Asker: 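Before anything else, here's the structure in question.
When reading the values below, keep in mind they use all heavy atoms of this one structure, side chains included, and skip hydrogens, waters and symmetry mates. Small disclaimer: the values here were computed from a predicted structure and weren't measured.
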Amino acid sequence: MNLQLWLFVAIFAAVSGMTFSLGMLLTGNRVLGKRFDQLGGHTEPSTGGIEPVTQWRARIAKMATPLARLSAPKEGWENSNLRVRFMHAGLRGTGWPTAFFASKTLLALVLPGLYWLFAGPDISPANQRPVMLAYLCLAALGYYLPNLILSTVVSSRQRELREALPDAIDLMTVCVEAGLALDAALQRAGEEMHLRSAALADELNLMTIELRIGSTRAMALQNLALRTGVDDVETFVTTLLQSEHFGTNVAQSLRVLAETMRDHRRLRAEEAAAKIPLKLLFPLIFFIFPSLFLVLLGPAMIGVFKTLLPTLSGG
């Protein structure tokens, strides 16, 4: 089998995998569709309590287990910082660590393999060292690329939680001032925050479930701060615990906290806006200004050369 056929097979496999992953991502969450079906009186056949997407995920996790064993630590990673990063990213399923370590192994093998398909199997003694260095760099890139993606997911989720927390605190303040208890206010905020932030709503609902099964409020709030890893959430947890300990007005404490967090959010937005000119400087210099100069000065320079070149050559 020649190199061109191998290349076609690799491209077909990559495109098929991306299409399948995109389809699973788009059809994974069907909560809104189920609600519409319930309102219309349509019911889906029972699948024994397990959705087809969950079955597919279980099968994929089972198939990826041999690959995951090659990259996963032998022991102790459950209590490491990586497990905490999974909690911060909202990946609580048992199959996510397997998929993570399997992707590290797969990318570390696939990227050098693709380079081998493009560069060819023949390596001359003159370029043997650069080619081996390229293989090692691609393998390292494939091995650490899932870590970079996980860090991006964690940063995006923490930013969403940080931006939506003042709105949730305002809702809790209204509920507490209306006469609801703090646990009921937390539950109501978790139910209503789906329209603003699904991540924050899930965290509040999970905390409410912990309270229902008998966990203390202090333990549930501390678990909330541990799962999110956001400083504002830790401040919110500390405020509630101190209000409960010292017997101060919870509504007044939440109101002051919401105003403070809203001021911080405005300051972060102003800081991001102030960084925009500096971030636009390098694209302007290296991409926009050369093309602009070419369009503006190109015709004039062509006219100058057409006039000066015959004069300088004596024509």
Side-chain angles (χ1 to χ4, degrees), residues 29-41 49 84 86-93 153-269:
N29 188 6
R30 300 182 178 179
V31 177
L32 185 60
K34 290 180 179 180
R35 289 182 179 178
F36 280 123
D37 291 338
Q38 291 176 0
L39 291 175
V84 178
F86 275 108
M87 288 193 299
H88 292 171
L91 307 177
R92 306 186 187 94
V153 174
V154 170
S155 301
S156 177
R157 190 170 187 270
Q158 288 181 344
R159 179 182 179 183
E160 180 183 351
L161 293 173
R162 191 179 296 111
E163 297 296 330
L165 184 59
D167 301 331
I169 295 178
D170 287 335
L171 182 57
M172 294 176 196
T173 304
V174 173
C175 293
V176 171
E177 290 180 348
L180 290 179
L182 182 58
D183 295 344
L186 292 171
Q187 180 180 357
R188 187 56 183 267
E191 294 174 355
E192 298 294 337
M193 283 301 295
H194 274 287
L195 300 176
R196 176 64 175 87
S197 173
L200 183 57
D202 292 338
E203 294 294 342
L204 293 177
N205 289 330
L206 186 58
M207 183 182 63
T208 304
I209 293 174
E210 290 182 3
L211 292 174
R212 287 179 180 177
I213 62 177
S215 179
T216 61
R217 185 182 300 170
M219 184 62 66
L221 290 173
Q222 290 174 1
N223 291 336
L224 174 66
L226 178 63
R227 289 194 306 269
T228 57
V230 181
D231 296 337
D232 291 345
V233 177
E234 294 180 359
T235 304
F236 167 70
V237 169
T238 304
T239 301
L240 290 182
L241 293 179
Q242 289 181 353
S243 298
E244 182 180 3
H245 180 72
F246 294 106
T248 57
N249 190 355
V250 178
Q252 184 65 28
S253 301
L254 291 177
R255 186 177 298 277
V256 174
L257 181 61
E259 293 177 357
T260 304
M261 289 185 177
R262 195 175 294 107
D263 293 337
H264 291 170
R265 184 173 61 181
R266 186 179 64 253
L267 291 177
R268 287 193 297 266

Asker: Ser243 and Val250: which non-hydrogen atoms are nearest, and at how many Å?
Answerer: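 Ser243 and Val250 have their closest heavy atoms at CB-CG2, 4.2 Å.
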
Asker: If the condition is salt bridge (charged side-chain N to carboxylate O under 4.0 Å, His left out), which residues does Glu160 pass it with, not counting sequence neighbours?
Answerer: none

Asker: Would you please name every residue forming a side chain to side chain donor-acceptor pair (under 3.5 Å) with Asp263, sequence neighbours left out?
Answerer: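 Side chain to side chain donor-acceptor pair (under 3.5 Å) list for Asp263, sorted by chain: Arg266.
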
Asker: If you look at every heavy atom in Ala164 and Ser197, which pair is closest and at what distance?
Answerer: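 Scanning both residues completely, I find the closest heavy atoms to be CB-CB, 3.5 Å.
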
Asker: Please name the residue in the list Thr173, Asn249, Leu171 that meets the side chain to side chain contact (heavy atoms under 4.5 Å, CB included) test with Leu254.
Answerer: Thr173

Asker: Can you tell me which residue pairs pass the salt bridge (Lys or Arg N to Asp or Glu O under 4.0 Å) test with a partner in residues 191-202, sequence neighbours excluded?
Answerer: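 Sorted pair list: Asp167-Arg196, Arg188-Glu192.
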
Asker: Enumerate donor-acceptor pairs with a distance under 3.5 Å from any side-chain N or O in residues 229-242 to protein atoms, sequence neighbours excluded.
Answerer:
| residue | atom | partner | partner atom | Å |
| --- | --- | --- | --- | --- |
| Thr235 | OG1 | Asp231 | O | 3.0 |
| Thr238 | OG1 | Glu234 | O | 2.8 |
| Thr239 | OG1 | Thr235 | O | 2.8 |

Asker: Quick one: do Gln252 and Thr248 satisfy side chain to side chain contact (heavy atoms under 4.5 Å, CB included)? Show the steps, please.
Answerer: CA-CA 8 Å; Gln252 184 65 28; Thr248 57; over 6 Å; no

Asker: In Å, rounded to the nearest 0.5 Å, how long is the span from CG of Leu165 to CZ of Arg265?
Answerer: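 The CG atom of Leu165 sits 9.5 Å away from the CZ atom of Arg265.
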
Asker: At what distance, to the nearest 0.5 angstrom, does CD of Glu210 lie from CG of Asn205?
Answerer: 11.5 Å

Asker: Got a sec, which residues hit side-chain contact (heavy atoms from CB on, under 4.5 Å) with Val174, two or more places apart in sequence or on another chain?
Answerer: none

Asker: Test of understanding: with side-chain contact (heavy atoms from CB on, under 4.5 Å), list the residues that count as partners of Ala258, not counting sequence neighbours.
Answerer: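 Partners of Ala258 under the side-chain contact (heavy atoms from CB on, under 4.5 Å) test: Ile169, Asp170, Arg262.
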
Asker: With sequence neighbours left out, write down each residue that passes salt bridge (charged side-chain N to carboxylate O under 4.0 Å, His left out) with Arg157, or none if nothing qualifies.
Answerer: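 Salt bridge (charged side-chain N to carboxylate O under 4.0 Å, His left out) list for Arg157, sorted by chain: Glu203.
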
Asker: State which residues pass salt bridge (charged side-chain N to carboxylate O under 4.0 Å, His left out) with Glu177; sequence neighbours excluded, sorted by chain then number.
Answerer: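 With neighbours one apart ignored, the set is Arg255.
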
Asker: Taking atom CZ as the centre, does Arg159 end up with more than 12 heavy-atom neighbours from other residues, nucleotides or ligands that are less than 6.0 angstrom away?
Answerer: no

Asker: Of all heavy-atom pairs between Arg162 and Pro166, which one has the smallest distance, and what is that distance?
Answerer: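 For Arg162 and Pro166, the tightest heavy-atom pair comes out as O-CD, 3.5 Å.
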
Asker: My understanding is that only residues two or more places apart in sequence, or in another chain, count here; which of them pass side-chain contact (heavy atoms from CB on, under 4.5 Å) with Leu226?
Answerer: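 Testing Leu226 for side-chain contact (heavy atoms from CB on, under 4.5 Å), a comparison that skips the adjacent residues, returns Met87.
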
Asker: Quick one: closest heavy-atom pair of Leu180 and Ala185, and the distance?
Answerer: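 Scanning both residues, the minimum pair turns out to be CB-N, 4.5 Å.
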
Asker: Mind listing the closest non-hydrogen atom pair of Ala199 and Leu161 along with its distance?
Answerer: C-CD2, 3.8 Å

Asker: Given His88 and Gln158, is the side chain to side chain contact (heavy atoms under 4.5 Å, CB included) satisfied, shown in steps?
Answerer: CA-CA 7 Å; His88 292 171; Gln158 288 181 344; 3.7 Å; yes

Asker: Closest approach of Val153 and Ala89, non-hydrogen atoms and distance?
Answerer: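 Answer, listing the atom of Val153 first, then Ala89: CG1-CB, 3.9 Å.
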
Asker: What pairs with Asp183 under salt bridge (charged side-chain N to carboxylate O under 4.0 Å, His left out), at least two apart in sequence or on another chain?
Answerer: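 Applying salt bridge (charged side-chain N to carboxylate O under 4.0 Å, His left out) to Asp183 gives Arg217.
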
Asker: Give, for atom CG of Leu211 and atom CG of Leu186, the distance between the pair rounded to the nearest 0.5 Å.
Answerer: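 Reported value, rounded in 0.5 Å steps: 7.0 Å.
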
Asker: Just to verify, what does Thr260 make a side-chain contact (heavy atoms from CB on, under 4.5 Å) with, not counting sequence neighbours?
Answerer: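 Listed in chain order: Val256, His264.
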
Asker: Is Gln187 close to Leu204 at the side-chain level, that is, under 4.5 Å between some pair of heavy atoms?
Answerer: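 No; the side chains remain at least 4.5 Å from each other.
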
Asker: Do Asn223 and Met207 have side-chain heavy atoms sitting under 4.5 Å apart?
Answerer: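 No, too far: nothing below the 4.5 Å cut-off.
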
